[in-house]
Amino acid sequence: MQEFIKILPKLAKDKHKENKTFFAKLKKKPPKQLDYIMQELHDEEFKKTDCLDCANCCKTTGPLFTDKDIVRISKHFKMKQQQFIDAYLRVDEDKDFVLQSVPCTFLGADNYCSIYDVRPKACSEFPHTDRKKFQQISNLTLKNVAICPAAYNIVEEMKKRIKL
C-alpha cells in the first residue's frame, strides 16, 4: 500500500486531463443509475481497501470542521468550544475552520483516529465516492484521487463501467 501511495500523486496527475474530461461529460449527462453504480463501486473497493493500512488523507490533508463538528468534539474533550478552536483549529482563506497543521493531531502512529467516534463529518464521509448526486462533486473527486488510493481505483473502474 505504501508504494502505491508514493506514486499516487503522479498517477493522478497523469490521469487528470482524462478524468476532468470524463467528469465534464458526466455532469452534462449523468446516467440514470449513477448513484446506484457509485454505491456499488464504493462498496466493492472498500471490501478490498483497509483505511488503516493507508491513512494518507489524515497525513496529508485536513478536514473542514463544521459548527456541529466543533460542538460535538469539544463536548467529547469536555472543553468549551472556543478552547477547542484555539487549541486545534485555524480559519483558512475560505473562512472555514481547519486543523492548524497536518498530519492530523488526532491520528495515532498506528493510523487509528483518537476521536473516531466523534470525528468531523468530512472525515466520516471521505472519500465521498458513495455520495448521492456524485456528479456534483467532480472537482472534489479530482483532488481526492491524488490522496486516496480507493478513490483513484473507484474512478478508474467508473470510467470502465460508465460509457459516456
In the structure I gave you, are the side-chain heavy atoms of N111 and D53 within less than 4.5 Å of one another anywhere? no
Given the rule that I, L, V, M, F, W and Y join up when any side-chain heavy atoms are under 4.5 Å apart, are F97 and L99 in one cluster? yes
How about CG on D67, more than 12 heavy atoms from neighbouring residues, nucleotides or ligands closer than 6.0 Å, or not? no
Salt-bridge present (R161, E44; N to O < 4.0 Å): yes
Interatomic distance, K29 atom NZ to K25 atom NZ [nearest 0.5 angstrom]: 12.0 Å
Under 3.5 Å donor-acceptor, D35 side chain and K133 backbone: yes
Same cluster or not: are L64 and Y88 linked, directly or through other Ile, Leu, Val, Met, Phe, Trp or Tyr residues, by side-chain heavy atoms under 4.5 angstrom apart? no
Any idea how H128 and F126 line up, ring-wise: parallel (<30°), tilted (30 to 60°), or perpendicular (>60°)? perpendicular
For the pair K10 and D14, find out whether any cationic side-chain nitrogen is under 4.0 Å from an anionic carboxylate oxygen. yes
K163 side chain vs K160 backbone, donor-acceptor pair below 3.5 Å: yes
Verify same cluster id: L52, F46 (apolar side-chain graph, 4.5 Å): no
Rounded to the nearest 0.5 angstrom, the OG-CG distance for S114 and L107 is 8.5 Å
For the residue pair N144 and T141, confirm or rule out a side-chain donor-acceptor distance under 3.5 Å. no
Gap separating the CD1 atom of I147 from the OG1 atom of T60, nearest 0.5 angstrom: 5.0 Å
At what distance, to the nearest 0.5 angstrom, does CD of E45 lie from OG1 of T129? 8.5 Å
Working note: V155 + L41, criterion side chain to side chain contact (heavy atoms under 4.5 Å, CB included); need CA distance, chi angles, decisive distance, verdict. CA-CA 9 Å; V155 169; L41 291 172; over 6 Å; no
So which atom in S74 and which in F84 form the shortest heavy-atom distance, rounded to 0.1 Å? CB-CB, 3.7 Å
Linking I/L/V/M/F/W/Y whenever any side-chain heavy atoms sit under 4.5 Å apart, do V145 and L164 land together? yes
Is a donor on one side and an acceptor on the other found under 3.5 Å between the side chain of D96 and the backbone of V91? no
Give the C-alpha distance, both sets of side-chain angles, the deciding distance and a yes or no for ring-ring contact (aromatic ring centres under 6.0 Å, His included) between F77 and F106. CA-CA 12 Å; F77 283 123; F106 307 112; 5.8 Å; yes
E125 (side chain) donor-acceptor with A122 (main chain) under 3.5 angstrom: no
Mind checking whether K27 and S138 have side chains closer than 4.5 Å, heavy atoms only? yes
Check the surroundings of atom NZ in K59: do more than 12 heavy atoms from other residues, nucleotides or ligands lie under 6.0 Å from it? yes
Can you find a pair of side-chain heavy atoms, one from C57 and one from C148, that are under 4.5 Å apart? no
Carefully, step by step, assess I70 and L89 under the rule side chain to side chain contact (heavy atoms under 4.5 Å, CB included). CA-CA 10 Å; I70 293 167; L89 305 179; 3.9 Å; yes
So P31 and L26, do their side chains get closer than 4.5 Å, heavy atoms only? yes
Using atom types as modelled and distance alone, determine if a side-chain donor or acceptor of D92 lies under 3.5 Å from a backbone N or O of V98. no
Would you find a donor on one side and an acceptor on the other, under 3.5 Å apart, between the side chain of R119 and the backbone of I73? no
Do Q82 and D86 meet the criterion of a side-chain donor-acceptor pair at a distance under 3.5 Å? yes
Is any side-chain heavy atom of K121 closer than 4.5 Å to one of F65? no
According to a hydrophobic-cluster definition based on side-chain heavy atoms being under 4.5 Å apart (Ile, Leu, Val, Met, Phe, Trp, Tyr only), do I154 and F23 belong together? yes
Side-chain contact test, heavy atoms from C-beta onward, threshold under 4.5 Å: evaluate it for I37 versus E40 and give yes or no. no
Heavy-atom check, side chain of E156 versus side chain of N19, under 4.5 Å: yes
Apply the test side chain to side chain contact (heavy atoms under 4.5 Å, CB included) to residues D130 and M38: give CA-CA distance (whole Å), side-chain angles for both, the deciding distance (0.1 Å), then the verdict. CA-CA 6 Å; D130 60 346; M38 290 312 299; over 6 Å; no
Provide the closest heavy-atom pair for R72 versus P120 in the form atom of the first, atom of the second, distance. NH2-CA, 3.7 Å
Look only at the side chain of Q135 and the backbone of P30, and say whether a donor-acceptor pair between them is shorter than 3.5 Å. no
Can you spot which of T49, I5, I7, L11 makes a side chain to side chain contact (heavy atoms under 4.5 Å, CB included) with P149? I5
Non-hydrogen side-chain atoms of K75 and Q81 separated by less than 4.5 Å: no
Would you say the side chains of K48 and N153 form a donor-acceptor pair under 3.5 Å? no
